[in-house]
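If you're wondering where the values come from, they're calculated on a predicted model, not measured in any experiment.
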Amino acid sequence: EVQLVESGGGLVQPGGSLRLSCVASGFTFSSYTMSWVRQAPGKGLEWVSYSETGGGYTYYTDSVKGRFTCSRDNAKNTLYVQLNSLTTEDTAMYYCARGGVAPGTSGMDYWGKGTLVTISS
């Protein structure tokens with residue numbers, strides 16, 4: 001059974017940082033591209049970042065470029081995203097998903113339940 005479990009969310013002040021993790025199981029993690037997607041309160045899904053299988057190539061939506069860094073440890077079956085210089089606009093539920101073709105949310109077949117990131121002073 002494919003499982004994706006996110007963690008690391010929380011309440012942070014503007015300008016702060018967080019690192020989110022996504023532990024994968026039930027499939028060969030290193031064989032799949034992985035993505036981060038977020039959903040702000042009252043809004044639709046927004047693709048955030050994408051990691052190719054080896055982690056050497058990552059892509060980001062324009063609003064997070066230079067602030068977010070996506071990485072993966074295939075030995076630990078874990079996807080990460082480092083969130084820096086956070087603003088209130090980054091408040092959202094963050095999901096990791098298996099698959100994806102940057103940009104956009106197409107091609108993702110499994111999703112985690114998400115971890116909530118709240119930016120507030």
Side-chain angles (χ1 to χ4, degrees):
E1 177 189 6
V2 172
Q3 287 193 324
L4 300 170
V5 180
E6 302 94 336
S7 63
L11 173 63
V12 179
Q13 291 186 340
S17 299
L18 283 172
R19 188 174 85 150
L20 308 184
S21 301
C22 170
V23 178
S25 61
F27 65 101
T28 304
F29 181 73
S30 59
S31 297
Y32 287 83
T33 62
M34 296 292 296
S35 303
W36 286 99
V37 180
R38 67 185 179 184
Q39 186 168 28
K43 296 188 177 180
L45 291 171
E46 178 188 25
W47 169 74
V48 174
S49 67
Y50 159 96
S51 170
E52 58 86 26
T53 55
Y57 292 96
T58 53
Y59 302 92
Y60 304 91
T61 193
D62 286 346
S63 64
V64 309
K65 283 180 182 176
R67 302 188 299 119
F68 290 11
T69 303
C70 179
S71 62
R72 63 193 293 164
D73 186 337
N74 285 343
K76 294 183 178 180
N77 291 345
T78 303
L79 179 73
Y80 303 98
V81 62
Q82 177 70 38
L83 316 178
N84 294 330
S85 302
L86 288 162
T87 76
T88 56
E89 297 296 310
D90 297 314
T91 293
M93 186 71 81
Y94 285 72
Y95 301 93
C96 74
R98 190 178 79 168
V101 180
T105 58
S106 63
M108 300 176 193
D109 58 359
Y110 286 91
W111 298 65
K113 293 183 178 180
T115 187
L116 181 62
V117 172
T118 303
I119 313 303
S120 175
S121 55

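The shortest heavy-atom contact between S63 and E46 is OG-OE2, 3.7 Å. Here the shortest heavy-atom pairing between S85 and S17 reads N-OG, 4.4 Å. Scanning all heavy atoms of the two residues, the minimum distance from T78 to K76 falls at OG1-O, 2.8 Å. Across all their heavy atoms, P14 and S121 have their closest contact at CD-N, 3.7 Å. Shown here for G54 and N74, the closest heavy-atom pair between the two residues is CA-ND2, 4.2 Å. Residues Q3 and F27 come closest through the heavy atom pair O-CE2, 4.4 Å.
Following chains of ILVMFWY side-chain contacts shorter than 4.5 Å, one can reach M34 starting from V2, so the two form part of one hydrophobic cluster. In this structure, W36 is not a member of the same hydrophobic cluster as M93, with clusters built from ILVMFWY side-chain heavy atoms closer than 4.5 Å. Under a hydrophobic clustering in which Ile, Leu, Val, Met, Phe, Trp and Tyr are joined whenever their side-chain heavy atoms come within less than 4.5 Å, directly or via other members, W111 and W47 fall into the same cluster. Following chains of ILVMFWY side-chain contacts shorter than 4.5 Å, one cannot reach V5 starting from L20, and the two form parts of different hydrophobic clusters. The cluster map of Ile, Leu, Val, Met, Phe, Trp and Tyr, joined by side-chain heavy atoms under 4.5 Å apart, puts V23 and V37 in different clusters.
Taking OG1 of T69 as the reference point, atom CZ of R19 lies at 11.5 Å (rounded to 0.5 Å). Rounding to the nearest 0.5 angstrom, the gap separating the SG atom in C70 from the OH atom in Y80 is 11.5 Å. To the nearest 0.5 Å, atom OG of residue S21 and atom CD of residue Q82 are 9.5 Å apart. Of the inter-residue distances, the one linking C22 atom SG with R98 atom CZ reads 11.5 Å to the nearest 0.5 angstrom. To the nearest 0.5 Å, the span separating OG1 on T115 from CG on L18 amounts to 8.5 Å. Rounded to the nearest 0.5 angstrom, Y50 OH and M108 CE are separated by 9.5 Å.
Side-chain contact between T58 and S51 is present, with at least one heavy-atom pair separated by less than 4.5 Å. Using a 4.5 Å heavy-atom threshold, the side chains of L4 and Y95 count as separate. At least one side-chain heavy atom of F68 sits less than 4.5 Å from a side-chain heavy atom of L86. At least one side-chain heavy atom of D90 sits less than 4.5 Å from a side-chain heavy atom of R38.
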TODO: Starting from the C-alpha separation in whole Å, work towards a yes-or-no answer on side-chain contact (heavy atoms from CB on, under 4.5 Å) for L11 and S120.
DONE: CA-CA 7 Å; L11 173 63; S120 175; 3.9 Å; yes
